[in-house]
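To start, the structure under review is shown below, and the notes come after it.
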Amino acid sequence: MSSNLFRKPFSLTSKKLRHNSHDAGGSHISENGYSESTPLLPQSNVIATSRAEQWSYQIYHAARQIYLHNHIHGLLIFLLPAIVSSLVHCPAKVRFTLNFLAIIPLASLLEFYLEEFCAKQRLILGGILAGVLGNGIELIIGVVAICNDETLIVQDAILGSLLFNLVLVTGLCCVAGGVRYKEQHFAIPILSSLSGFAMILVAMLLTPTALATVAWSGKDIDHITEDGRIISSGSAIIFLVTYGGYLMFQLRTHVSLFESSLAEEDSSDMTSEERHSTLKPLVAVILYLVTAGLASWCVVSLFQAIPEVAEKSSLSRTTVGFILLPFLGGAGGAIALMTVSFRDKQDLALGCIVGNVINITLFVVPVLIIVGRVVGNELSLYFGHVEMVAVLISSMMVVLLLQNGRSTYFDGLLLLGLYTMVIMAVVVLPHE
């Protein structure tokens with residue numbers, strides 16, 4: 001989810017831990033770590049002194065922080081059953097369900113480990129890494145789908161992710177914040193700029209479909225395929241160049257524009273405690289790679305089960321791509337952003353949502369187009385008309401909502417109703 005500008009690294013209260021290692025009254029501390037004022041009964045804030053106890057404490061503390069970071073990590077209980085179901089070739093519906101549930105926490109952990117690593121890096125390097133790898137699960141899903149010749153699912157998943165973030169997650173954040181606060185206000189200038197960027201990018205993404213609908217009427221499939229390759233390849237280059245400009249704008253030339261909108265939130269968080277990352281950079285990198293490997297395994301197993309599931313049930317490929325797959329990469333982030341909105345930090349939540357949409361459009365899409373070109377399964381930007389119109393109208397509604405500078409729970413209810421109507425239309429209406 002990850003835009004570095006709106007990243008909130010997880011913190012440890014290291015000052016308190018260092019303070020606990022010395023007696024409050026300045027009394028002598030023995031070699032075993034205890035002083036004259038140390039209670040005889042063990043307390044939770046006493047740090048273990050032996051090497052084994054220190055490692056145990058650190059592992060326990062890190063695991064606790066990871067779980068508390070997002071309770072959706074509790075779904076990791078489905079990881080082992082998902083792997084076993086793939087090895088023993090359980091029925092397709094069982095494999096699909098178990099792997100689907102296992103991918104959700106893995107996607108959230110990928111975000112967490114990336115944030116832990118970027119927290120120790122410089123602003124520019126951390127921002128680039130957060131932008132490039134922040135949508136790691138979307139890249140994994142897209143690459144696996146293209147390698148399995150499921151390019152139509154990838155197209156639906158791209159539009160579904162945009163709709164999921166812009167409409168559903170925004171609506172949930174407005175409801176979560178509106179439950180606690182009558183009205184929530186956020187900075188208009190930066191969010192207006194970002195939402196405007198997102199709207200333009202959505203239009204850029206859908207323009208080839210709109211123009212091709214007119215230009216390709218009456219042409220045979222060979223001309224359409226060749227023209228589609230040229231349009232897709234050219235669009236990928238344009239998106240990547242634009243993404244480089246966006247990173248420059250975000251991290252170098254207009255840093256103050258982004259920092260000023262979050263200065264109030266950051267100062268309130270930093271006055272009492274110093275922020276530190278939970279994991280060391282090397283540990284974060286190792287855990288990220290291991291988690292990415294496990295996620296890739298589950299995604300491969302998921303796509304191996306899709307043909308049989310689609311054939312033997314009413315679950316179509318459009319439903320899988322447009323509705324279900326966006327939940328894999330967005331469910332954990334949605335819960336985290338709802339918590340942020342509940343704490344009256346709507347700027348941060350909405351900034352992350354719009355930043356995620358920009359990253360998907362400018363980086364994930366062109367990378368998947370290039371991957372499709374390399375493996376021989378071309379990913380076209382010619383989207384289904386129903387999905388295209390739904391995403392275009394929905395994104396316009398969200399941009400209009402963000403222009404007010406305030407949100408209420410009723411705004412969230414409207415967006416949730418809009419998302420439900422779109423899903424109903426996509427499921428019921430026929431597709432070309």
Is the side chain of [X] donor-acceptor paired with the backbone N or O of [Y] at a distance under 3.5 Å, no angle test?
| X | Y | answer |
| --- | --- | --- |
| Ser394 | Val391 | no |
| Gln155 | Ser380 | yes |
| Ser108 | Ile104 | no |
| Arg95 | Cys90 | yes |
| Thr361 | Ile358 | no |

Measuring from [X]:[atom1] to [Y]:[atom2], what's the distance to the nearest 0.5 Å?
| X | Y | atom1 | atom2 | result |
| --- | --- | --- | --- | --- |
| Leu109 | Glu116 | CG | CD | 11.0 Å |
| Asp156 | Thr319 | CG | OG1 | 9.0 Å |
| Ile153 | Ile141 | CD1 | CD1 | 11.0 Å |
| Leu133 | Glu115 | CG | CD | 12.5 Å |
| Ile423 | Phe322 | CD1 | CZ | 5.5 Å |
| Tyr243 | Leu201 | OH | CG | 11.5 Å |

Quick one: closest heavy-atom pair of [X] and [Y], and the distance?
| X | Y | answer |
| --- | --- | --- |
| Leu368 | Val143 | CD2-N, 3.7 Å |
| Val175 | Leu413 | CG2-N, 3.9 Å |
| Pro81 | Leu98 | O-CD1, 3.7 Å |
| Ala198 | Val354 | CB-CG1, 3.9 Å |
| Leu79 | Ala102 | CA-CB, 3.8 Å |
| Gly355 | Tyr246 | CA-OH, 4.4 Å |

*Any side-chain donor-acceptor pair under 3.5 Å between Ser161 and Glu138?*
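No pair is found: no donor N or O on one side chain lies under 3.5 Å from an acceptor on the other.
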*Under 3.5 Å side-chain donor-acceptor pair for Glu183 and Thr408*: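 There is no such pair between these side chains.
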Counting only heavy atoms not in [X] (residues, nucleotides, ligands), do more than 12 fall under 6.0 Å from its [atom1]?
| X | atom1 | value |
| --- | --- | --- |
| Arg317 | CZ | yes |
| Phe303 | CZ | yes |
| Met396 | CE | no |

Is the shortest side-chain heavy-atom distance between [X] and [Y] below 4.5 Å?
| X | Y | value |
| --- | --- | --- |
| Thr97 | Phe78 | no |
| Phe327 | Leu168 | yes |
| Leu315 | Leu324 | yes |
| Ile103 | Ile140 | no |
| Leu392 | Met199 | yes |
| Leu172 | Leu416 | yes |
| Ile158 | Leu205 | yes |
| Val169 | Asn356 | no |

*Passes side-chain contact (heavy atoms from CB on, under 4.5 Å), Val427 versus Ile323? Steps please.*
CA-CA 9 Å; Val427 171; Ile323 301 174; 3.6 Å; yes
_Quick one, Ser407 with Gln346, criterion side chain to side chain donor-acceptor pair (under 3.5 Å). Give me CA distance, side-chain angles, the key distance, then yes/no._
CA-CA 9 Å; Ser407 64; Gln346 198 74 320; 3.0 Å; yes
*May I have the step-by-step check of side-chain contact (heavy atoms from CB on, under 4.5 Å) for Ser85 and Asn99, ending in yes or no?*
CA-CA 9 Å; Ser85 68; Asn99 283 282; 4.2 Å; yes
*Carefully, step by step, assess Val422 and Val167 under the rule side-chain contact (heavy atoms from CB on, under 4.5 Å).*
CA-CA 10 Å; Val422 170; Val167 181; over 6 Å; no
_I'd like to know whether Leu381 forms a side-chain contact (heavy atoms from CB on, under 4.5 Å) with Ile369, so could you lay out the CA-CA distance, the side-chain angles of the two residues, the decisive distance to 0.1 Å, and finally the verdict._
CA-CA 9 Å; Leu381 292 182; Ile369 292 175; 3.9 Å; yes
